[in-house]
Amino acid sequence: MLDAIHYLVDNGTKWRAMPADFPPWERVYAFFRRWRNHDLVREFHDRLRRLVREPAGRDSEPGAGVIDSRSVKADAVVGSDSRGFDGGKLINGRKRHVVVDTLGLLLAVMVTAADVGDRAAAQVLLTQVTAVPRLLALVWADGGYTGSLVEYCLAALALVLAIVERSDDMRGFFVLPKRWIVERFFAHLMRSRGLVRDFERSIASAEAMVYWSMTMLMTRRVARRTGWSSPPRSN
């Protein structure tokens with residue numbers, strides 16, 4: 001079942017186009033839906049994140065993170081009630097708001113219509129992140145998160161929101177401190193063909209797809225560290 005879902009997310013196939021090597025697509029989708037509805041995919045994802053962080057010499061729960069958002073085009077199946085137009089990026093679709101740790105591993109994702117402002121979404125997302133018992137005390141963000149959000153985070157969430165802005169003197173491409181971490185995260189998502197566009201009718205499924213994509217990244221890292229390999233085939 002896990003391999004089937006990973007195949008779908010990685011290759012961007014339709015549920016009904018699931019290869020015959022996997023269980024029937026109806027059973028795979030029922031498994032996906034059950035894990036989505038009961039938040040099991042997030043629990044599975046968070047356990048894998050701890051397995052990656054601890055061998056790297058980090059605490060199981062991070063003390064700092066980075067927040068950002070990225071708009072993606074939505075497929076025709078996405079209804080008008082959950083899609084919008086991002087005037088800055090000229091994209092009609094949805095927006096993925098994420099918080100990642102300093103290793104680039106996902107802490108939380110929230111999918112909204114593309115016309116939802118970054119600060120409004122960040123207030124909700126950061127409230128959800130800090131509601132979970134963890135050591136998070138500092139989050140870096142770009143200039144789109146300035147304003148009252150900084151004061152709200154400090155007063156209501158005991159969280160320092162540090163703005164990393166691009167200098168007016170900069171010309172061309174520069175790697176900005178900390179912000180490159182979340183940009184690398186978005187680049188990873190684009191390697192999963194099922195996430196190049198938003199193909200999901202429901203926002204809950206769109207968020208679950210992001211978690212499944214990150215589980216693929218982390219399971220590969222755990223496998224490389226432990227030296228896991230497939231058992232030899234018998235003659």
Side-chain angles (χ1 to χ4, degrees), residues 1-11 31-32 34-36 38-70 96-111 122 125-142 153 157-162 164 175-195 207-233:
M1 290 294 188
L2 294 178
D3 285 343
I5 294 176
H6 283 166
Y7 180 89
L8 182 137
V9 176
D10 195 33
N11 294 279
F31 178 87
F32 170 86
R34 184 167 62 252
W35 275 48
R36 177 200 66 193
H38 296 281
D39 217 18
L40 294 177
V41 59
R42 181 167 184 170
E43 181 180 347
F44 175 50
H45 167 276
D46 290 352
R47 291 187 182 187
L48 280 173
R49 189 182 65 238
R50 288 191 287 269
L51 289 178
V52 174
R53 286 184 57 85
E54 290 173 352
R58 308 297 183 94
D59 292 329
S60 59
E61 293 296 339
V66 192
I67 187 171
D68 204 353
S69 67
R70 181 67 56 86
R96 297 169 182 148
H97 307 266
V98 302
V99 180
V100 301
D101 66 10
T102 53
L103 294 179
L105 303 178
L106 181 64
L107 298 180
V109 59
M110 184 172 73
V111 175
L125 183 59
L126 290 173
T127 300
Q128 294 175 356
V129 171
T130 54
V132 179
R134 55 169 50 111
L135 306 175
L136 195 65
L138 171 64
V139 172
W140 288 280
D142 63 26
C153 289
L157 307 177
L159 183 69
V160 175
L161 187 65
V164 181
V175 177
L176 297 178
K178 306 304 179 183
R179 280 172 53 180
W180 66 268
I181 299 173
V182 71
E183 296 297 339
R184 183 182 62 182
F185 168 84
F186 284 125
H188 164 75
L189 292 188
M190 291 300 101
R191 296 185 65 184
S192 296
R193 294 186 179 182
L195 294 175
E207 293 173 349
M209 285 292 188
V210 175
Y211 283 114
W212 280 115
S213 177
M214 286 303 295
T215 63
M216 289 191 289
L217 173 70
M218 292 188 291
T219 49
R220 285 196 294 266
R221 291 186 182 181
V222 172
R224 286 197 298 265
R225 188 185 70 246
T226 58
W228 182 90
S229 60
S230 300
R233 295 182 178 181

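Residues: numbered from 1 along the sequence shown.
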Nearest 0.5 angstrom please: [X] [atom1] to [Y] [atom2], how far?
X: Ser60; Y: Leu51; atom1: OG; atom2: CG; result: 10.5 Å
X: Thr219; Y: Leu48; atom1: OG1; atom2: CG; result: 6.5 Å
X: Leu126; Y: Ile67; atom1: CG; atom2: CD1; result: 4.0 Å
X: Met209; Y: Leu195; atom1: CE; atom2: CG; result: 7.5 Å
X: Ser192; Y: Asn11; atom1: OG; atom2: CG; result: 9.5 Å

Of all the heavy-atom pairs spanning [X] and [Y], show the shortest one and how long it is.
X: Arg96; Y: Val111; result: CG-CG2, 4.2 Å
X: Thr215; Y: His6; result: OG1-NE2, 3.0 Å
X: Ala137; Y: Leu159; result: C-CD1, 3.4 Å
X: Phe186; Y: Ser69; result: CZ-C, 3.7 Å
X: Val9; Y: Met216; result: CG1-CE, 3.9 Å

Next item on the list: Could you list the residues that satisfy side chain to side chain donor-acceptor pair (under 3.5 Å) with Arg36, not counting sequence neighbours?
Entry: Ser205
Below 3.5 Å, can you tabulate the donor-acceptor pairs from side chains in residues 97-108 to any protein atom, sequence neighbours excluded?
{"unit_1": "His97", "atom_1": "NE2", "unit_2": "Thr112", "atom_2": "OG1", "d": "2.9"}
{"unit_1": "Asp101", "atom_1": "OD1", "unit_2": "Leu103", "atom_2": "N", "d": "2.9"}
{"unit_1": "Asp101", "atom_1": "OD1", "unit_2": "Gly104", "atom_2": "N", "d": "3.0"}
{"unit_1": "Asp101", "atom_1": "OD1", "unit_2": "Leu105", "atom_2": "N", "d": "2.8"}
{"unit_1": "Asp101", "atom_1": "OD2", "unit_2": "Arg53", "atom_2": "NH1", "d": "2.9"}
{"unit_1": "Thr102", "atom_1": "OG1", "unit_2": "Arg58", "atom_2": "NH1", "d": "3.0"}

Notebook entry, point to check: Sequence neighbours excluded, which residues qualify as side-chain contact (heavy atoms from CB on, under 4.5 Å) partners of Asp46?
Noted result: Arg42, Arg49, Arg50
Quick one: are [X] and [Y] in side-chain contact, heavy atoms under 4.5 Å?
X: Tyr211; Y: Asp39; result: no
X: Val41; Y: Phe32; result: no
X: Leu217; Y: Arg221; result: yes

Next item on the list: On the 0 to 90° scale, with breaks at 30° and 60°, tag the Trp35-Phe44 ring pair as parallel, tilted or perpendicular.
Entry: perpendicular
Notebook entry, point to check: Going through the distances and angles, do Glu183 and Arg70 end up as a side-chain contact (heavy atoms from CB on, under 4.5 Å)?
Noted result: CA-CA 9 Å; Glu183 296 297 339; Arg70 181 67 56 86; 2.6 Å; yes
Next item on the list: Show your working on side-chain contact (heavy atoms from CB on, under 4.5 Å) between Arg179 and Asp68 and close with a plain yes or no.
Entry: CA-CA 8 Å; Arg179 280 172 53 180; Asp68 204 353; 5.7 Å; no
Item checked: Chi angles and distances behind the side-chain contact (heavy atoms from CB on, under 4.5 Å) call for Val139, Cys153 -> CA-CA 10 Å; Val139 172; Cys153 289; over 6 Å; no
Checklist line | Within 6.0 angstrom of Arg191 CZ, more than 12 heavy atoms from elsewhere | finding: no
